[in-house]
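To start, the structure under review is shown below, and the notes come after it.
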Amino acid sequence: MDTLIRLEHITKDYGRLRALDDVSLALEAGVIGLLGPNGAGKSTLIKVLMGLVRVNHGSGEVLGCQLRREVRKIRARVGYMPEDDCYVAGLSGAQMVQFAARLSGHPSIEALRRAHEILDFSGIEEERYRNVETFSTGMRQKLKFAQAIVHDPPLLVLDEPTAGLDPEQREEMLDRVRVLARKMGKTVLISTHILPDVQSVCDTVVILAKGRVRVVDKLETLCRPSAPTYSVRTLGPAAGLVERIRREGHQVQTEPDGTLTLTDTDDHLPQRVWEWARQAEVGIRSLAPARNSLEQIFLEAVKEENRADP
Amino acid sequence: MPIHDLGYRAWQGGLTAAWARFWPITETGMRLAWQNRPLRRLLFFAWLPAVYLAAGFLLYEQGRSQLTGYNAGQLQDGPPDMDYFSGPQPNGYDPDDGPGIFDQPESRHGPRQQFPGPSEAERRRMAQLGAYHAMANMVPLPQTIRTRLDDRHYIWSWLLWVFFRYPQGVVMVLVMGLVAPSLIAQDVRTRAFLLYFSRPLTRAEYVLGKMATVWAYVALITLVPAVLLYGVAVLMSNELGVVAETWDLPLRITGASLVLIIPTTLMALAFSSLTSETRYASFAWFAVWVLGWVTYTIVTSNLGDQTSKYWQLVSLYHTLGEVQHWVFGLGNSTTGVGVGPAAFELVAIAAVSWVILFRRVSAPMRV
């Protein structure tokens, strides 16, 4: 698969503060989650990708365009949804999205038609005729999303797209991202603090901490344990089953919530666990391959960075 | 969900030219500014001086048409002596007796008299000429203008300069004070920079789009009425040769408009970019004009002839007038600092404002 975003040794300083420190990345098409604690450099990385700030060192390409030399081309092909509220005061929602389309080069009438189409897609209905200054936080989020996609860019950069949305709106927003990525073939880079969102829609995860890339990998790979591991939840006390498993020479660990975690390379272990449970008269509620949680991965990545930092 | 919801569809249409990307900013800015009712009223009244000036051109051209065949140089000596035509002439002709012998065709009455009296038409013309001079005397014209009343190019240039300098100079300050301060200040307040600069748009195009918004309104009260005034004057002149005589005036009007518009727009936008509060930018804008004008007036009225002419540079209003005086081909004004220092000041203001604007527009990207 083609690399859509490639960064090599990017360093960006704001005065004495190093926001990005030797960042190198190669990202393919798909939905990419950009994670990191506050001040990790996520927003700076996005600004670098958009050509909004100049890097001190390093080079890169976005959609085949050189970062420094082809900024205009990059911006024409990237849709950006900023985290902060940003709008042109005095315009209605429809005018705002039309204006964004026109800035990207759409003719006036076509831009208006396209704006209404995208506002429908984004879930903004009659409110589109209201002045944007009167919009609620959720409406503004949708409006920012609409202006980011109105010019049909192949790459979308969404900064905290679900912030300020209620659970229903949040799910709708993630659905839209899925539609754009899966049906329309867009590449979406999502910067967020909300890990379940990433787990829900992303294929790839990038974790930044203190300006450095700590983790870049497919979510599937990251969540897969290093050794085959199973998670067993039982109905009632599991002491008999635990004892039996240990007697058979397997490692088992009891989590605080009572879940048993078994690690073994034996491919037939699940069938055997069912058998041992029957013999120990322990009911099994669920038995499934265990996965590393994204939260755990994130915390470990950040912790490692803190340890490395003197 | 709306019943006509088409879902997301790819864009298949074409795009506008890259050089025209500033235009949506200008158009939107103009539309938003037009919502300001005081501005609309001001624009209406801003055209009244053009009507007065059109009357000025009309009177000048009417008076001038009476000068045909008459020694225009006599105008310098005041109105013609009407008594000369009113009494009996040496040949016994009394104009009050009706048409005389010299009014008849030469073929019927032999050779023209040695000292012919004026015809009825000539008398009428002279009377109008007297009225023209009387009118010219009523208007407080500078001596340099009085002595060149026969120089159409000079008089037209002077009238157009007066139009730019006095009524429109003041109205321009008011119009720009209503339009410009909010243009960038509101973008700072609403963080709209991210919206603009995540698009294929450079900072220069952004600034150009904002500047063109101001230019459009200022041109509406300066360039457009001045060019129309010129057209009206040409139509009133009843002479084809007038275009050849004054062909450069539309260019001078354009030049004077640029002198007026470029430094002032950049300065107003620089003020606007320095704050997120429109009122502060407005205050700074009006303060520059009022304080400069008041300071210059106080200094010149207190010190009189001893005043250094360089004090003119503190007043942007007077500095602009000085350069426009030169642009209209009227040379340096008699009391001013001269076009050199005045033009240098305007260029410096434009350059400094441009630097401030660029730095401020870039600032939100640095954090």
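First the proteins, then the strands, lettered A, B, ... as listed; each starts at 1. Side chains included, hydrogens not; waters and symmetry mates left out as well; all remaining heavy atoms used. Here the structure is a predicted model, which is why all the values come from computation and not from measurement.
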Could you have a look at [options] and say which one has the most heavy-atom pairs with chain B under 4.5 angstrom?
options                                : answer
A/Asp85, A/Val88, A/Ile74              : A/Asp85
A/Ala100, A/Gly51, A/Ala19, A/Gly90    : A/Ala100
A/Val71, A/Leu17, A/Ile149             : A/Ile149
A/His106, A/Glu133, A/His151, A/Glu110 : A/His106

Exercise. Measure the CZ-CG distance between B/Arg40 and B/Leu178 for me, rounded to the nearest 0.5 Å.
Key: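 B/Arg40 atom CZ to B/Leu178 atom CG measures 12.0 Å (nearest 0.5 Å).
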Residue among [options] with most heavy-atom pairs under 4.5 Å to chain A:
options                     : answer
B/Thr190, B/Thr16, B/Leu195 : B/Thr190
B/Asp187, B/Leu15, B/Thr202 : B/Leu15
B/Ala20, B/Gly209, B/Ala18  : B/Ala18

For residues [X] and [Y], determine if any side-chain heavy atom of one lies less than 4.5 Å from a side-chain heavy atom of the other.
X        : Y        : result
A/Arg75  : A/Leu52  : yes
A/Leu119 : A/Leu143 : yes
B/Ile261 : B/Leu223 : no

Would you mind checking which part of [X] comes under 4.5 Å of any heavy atom in chain A, side chain (CB onward), backbone (N, CA, C, O), both or neither?
X        : answer
B/Ala17  : neither
B/Leu32  : side chain
B/Ser198 : both

May I ask you to check whether over 12 heavy atoms, not counting those of [X], lie within 6.0 Å of atom [atom1]?
X        : atom1 : result
A/Arg69  : CZ    : no
B/Trp293 : CH2   : no
B/Leu251 : CG    : yes

Quiz prompt | Members of residues 165-187 of chain A whose heavy atoms come closer than 4.5 Å to chain B | solution =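 Answer by number: A/Leu180, A/Met184, A/Lys186.
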For [Y], is there any backbone N or O sitting under 3.5 Å from a side-chain donor or acceptor partner on [X]?
X        : Y        : result
A/Lys144 : A/Cys86  : no
B/Gln186 : B/Thr278 : no
B/Trp289 : B/Val170 : no

For [X], which atoms come within 4.5 Å of any heavy atom of chain B: side chain, backbone, both, or neither?
X        : value
A/Arg114 : side chain
A/Ala148 : backbone
A/Pro107 : both
A/Ile118 : side chain
A/Val132 : neither
A/Gln98  : neither
A/Met81  : neither

Self-check item: side chain to side chain contact (heavy atoms under 4.5 Å, CB included) assessment of B/Leu174 paired with B/Phe286
Solution: CA-CA 8 Å; B/Leu174 297 174; B/Phe286 287 115; 4.1 Å; yes
Practice problem: Check whether the ring centres of A/Tyr87 and A/Phe99 lie less than 6.0 Å apart, and answer yes or no. | Solution: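 That pair fails the under 6.0 Å test.
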Quiz prompt | Stacked cation flag B/Arg165 on B/Tyr317, 6.0 angstrom / 45 deg | solution =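 Here B/Arg165 passes the 6.0 Å and 45° test against B/Tyr317.
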Exercise. Give the ring-plane orientation class for B/Phe197 versus B/Phe193, where under 30° counts as parallel, over 60° as perpendicular and anything between as tilted.
Key: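 Taking B/Phe193 first and then B/Phe197, their aromatic rings lie parallel (interplane angle under 30°).
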